[in-house]
Colleague: 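Sharing a structure below in structure tokens format, with a few things to ask.
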Amino acid sequence: MSKRHGYKTLATALLFAASGFALAHADTSAGNGKLSDSDSTFLQQAAQNGMAITQLGQMALSKSSDPKVKQLAQQLVDDQNKTNDQLTSLAQAKQVKLPTDVTSDAQKQNKKLQGESGSVFDEAWSKAIVSDHQKSVKAFTQEGKDAKDADVKKFAQGALPGMNDHLKSAQAIAAIPAARDDAMSTAMKASTSSPMEAVPAAMPTVSGANDTPAEAGAVSAIKH
């Protein structure tokens with residue numbers, strides 16, 4: 001009986017060992033598996049937006065003559081290239097296929113900006129950068145809180161400070177023409193409602209060397 005009991009004990013031990021190995025293997029497979037749909041979608045959208053930002057930066061470097069615009073454009077290109085490289089490595093590790101081109105909306109925006117020049121281009125470009133970064137900051141902030149994968153969450157959180165800096169710089173540039181337009185609009189409204197406009201163009205003089213006798217008499221009558 002003791003020998004049979006020993007075989008039974010050994011069999012039970014082997015069963016538990018096999019079960020533990022299976023659980024460990026399952027945990028490892030889950031850790032190295034594909035991302036959730038939401039995390040995968042985030043990486044794909046981040047890739048498209050990153051390409052769009054890079055294209056906008058390169059466009060401003062070639063078209064703008066404003067030093068502030070060109071400075072921000074160079075920062076965007078340099079920083080976004082680093083972020084794009086990190087994103088590409090992360091996507092490869094997580095088995096996510098990234099898009100190779102920007103969205104159709106970004107293509108339309110680029111085409112429209114290519115047709116502008118001078119201050120008109122600078123103003124439209126800065127507004128586009130503000131709009132794109134506002135969307136990116138919102139998406140990265142959300143992913144930094146809700147990402148299911150720890151590496152994706154870390155990537156989103158790490159990219160946010162730079163995005164916020166770029167957004168503030170773009171908002172400052174975009175605010176310059178906006179403030180100028182507001183000032184001009186205020187001045188126009190003030191001029192059209194000025195009480196001076198109610199004053200006749202020519203006021204009669206009280207007296208003068210060239211007054212006719214009739215005019216002089218009228219003035220004398222007013223005085224008295």
Side-chain angles (χ1 to χ4, degrees), residues 34-36 38-118 121-176:
K34 292 184 178 181
L35 296 180
S36 65
S38 59
D39 287 352
S40 296
T41 299
F42 166 75
L43 294 182
Q44 292 167 342
Q45 291 177 345
Q48 285 187 306
N49 191 71
M51 287 186 287
I53 292 295
T54 301
Q55 290 177 4
L56 286 173
Q58 293 170 339
M59 187 187 304
L61 289 174
S62 64
K63 289 180 65 67
S64 179
S65 57
D66 187 318
K68 292 182 179 179
V69 170
K70 294 179 79 71
Q71 181 181 10
L72 176 57
Q74 188 63 62
Q75 290 176 352
L76 289 175
V77 172
D78 293 342
D79 293 347
Q80 193 61 55
N81 281 337
K82 295 177 183 178
T83 301
N84 292 347
D85 289 342
Q86 293 173 0
L87 176 57
T88 300
S89 298
L90 179 59
Q92 289 176 347
K94 302 300 178 178
Q95 304 175 38
V96 176
K97 185 176 181 180
L98 298 179
T100 58
D101 202 356
V102 298
T103 64
S104 58
D105 287 342
Q107 292 175 7
K108 293 177 182 177
Q109 177 178 260
N110 289 349
K111 185 176 181 180
K112 184 177 181 180
L113 285 172
Q114 285 288 3
E116 306 293 357
S117 61
F121 168 81
D122 292 336
E123 184 174 352
W125 180 86
S126 61
K127 288 181 179 179
I129 292 295
V130 169
S131 178
D132 287 355
H133 272 70
Q134 286 175 334
K135 295 175 184 176
S136 292
V137 167
K138 182 178 180 180
F140 274 68
T141 299
Q142 193 68 38
E143 188 69 9
K145 296 177 181 178
D146 300 338
K148 296 176 176 59
D149 183 89
D151 294 328
V152 175
K153 178 178 288 190
K154 183 179 180 181
F155 166 74
Q157 293 173 344
L160 268 174
M163 286 186 175
N164 279 312
D165 289 343
H166 294 158
L167 175 58
K168 291 177 182 178
S169 297
Q171 286 174 327
I173 294 175
I176 295 174

Colleague: Just so I know, are the side chains of Asp101 and Gln107 near enough to count as touching, which here means a heavy-atom distance under 4.5 Å?
Modeller: yes
Colleague: Heavy-atom distance under 4.5 Å between the side chains of Leu76 and Thr54, does that happen here?
Modeller: no
Colleague: Should the pair His133 and His166 be assigned to parallel (<30°), tilted (30 to 60°) or perpendicular (>60°) ring geometry?
Modeller: perpendicular
Colleague: How many angstroms lie between atom CG of Asp151 and atom CD of Gln86, to the nearest 0.5 angstrom?
Modeller: 12.0 Å
Colleague: Would you give the length of the straight line joining atom OG1 of Thr83 to atom CG of Asp78, rounded to the nearest 0.5 angstrom?
Modeller: 11.0 Å
Colleague: Kindly determine whether Gln109 and Gln55 satisfy side chain to side chain contact (heavy atoms under 4.5 Å, CB included), including the steps that lead there.
Modeller: CA-CA 11 Å; Gln109 177 178 260; Gln55 290 177 4; over 6 Å; no
Colleague: What I'd like to find out is whether the side chain of Ile53 reaches to under 4.5 Å of the side chain of Asn84, using heavy atoms alone.
Modeller: no
Colleague: Nearest heavy-atom pair of Leu113 and Ala124: which atoms, and what distance?
Modeller: CD2-CB, 3.6 Å
Colleague: Within a strict 4.5 Å, meaning less than it, do heavy atoms of the Val152 and Leu35 side chains meet?
Modeller: yes
Colleague: For Phe155 versus Leu90, what's the shortest heavy-atom pair and its separation?
Modeller: CB-CD2, 3.7 Å
Colleague: Which value, rounded to the nearest 0.5 Å, describes the distance between Leu72 atom CG and Lys168 atom NZ?
Modeller: 14.0 Å
Colleague: Drop me the distance from Glu143's CD to Lys153's NZ, to the nearest 0.5 angstrom.
Modeller: 9.0 Å
Colleague: Looking at every heavy atom in both Leu167 and Val130, which two are closest together, and how far apart are they?
Modeller: CD1-O, 3.7 Å
Colleague: Looking at Ser131 and Lys127, would you say the former's side chain and the latter's main chain have a donor-acceptor pair under 3.5 Å?
Modeller: no
Colleague: To the nearest 0.5 Å, what is the distance between CG on Asp66 and CD1 on Ile176?
Modeller: 7.0 Å
Colleague: Looking at Ser38, is its backbone amide N or carbonyl O close enough to the side chain of Lys148 to form a donor-acceptor pair, meaning the two atoms are under 3.5 Å apart?
Modeller: no
Colleague: In Å and rounded to the nearest 0.5 Å, what is the OG to NZ distance from Ser40 to Lys97?
Modeller: 13.5 Å
Colleague: Return the minimal non-hydrogen interatomic distance between Val102 and Ala52, and the atom names on each side.
Modeller: CG1-N, 3.5 Å
Colleague: Do Asp146 and Gln142 meet the criterion of a side-chain donor-acceptor pair at a distance under 3.5 Å?
Modeller: yes
Colleague: Could you pull out the closest heavy-atom pair between Ala73 and Ala60, with the gap in Å?
Modeller: CB-CB, 3.6 Å
Colleague: I'd like to know if the side chain of Ser62 reaches the main chain of Met59, judged simply by a donor and an acceptor atom lying under 3.5 Å from each other, with no hydrogens or angles considered.
Modeller: yes
Colleague: Taking C-beta and beyond as the side chain, do Gln71 and Gln75 meet within less than 4.5 Å on heavy atoms?
Modeller: yes
Colleague: Of all heavy-atom pairs between Gly144 and Gln157, which one has the smallest distance, and what is that distance?
Modeller: O-NE2, 2.8 Å
Colleague: Does Asp149 offer a backbone N or O that forms a donor-acceptor pair with the side chain of Asp39 under 3.5 Å?
Modeller: yes
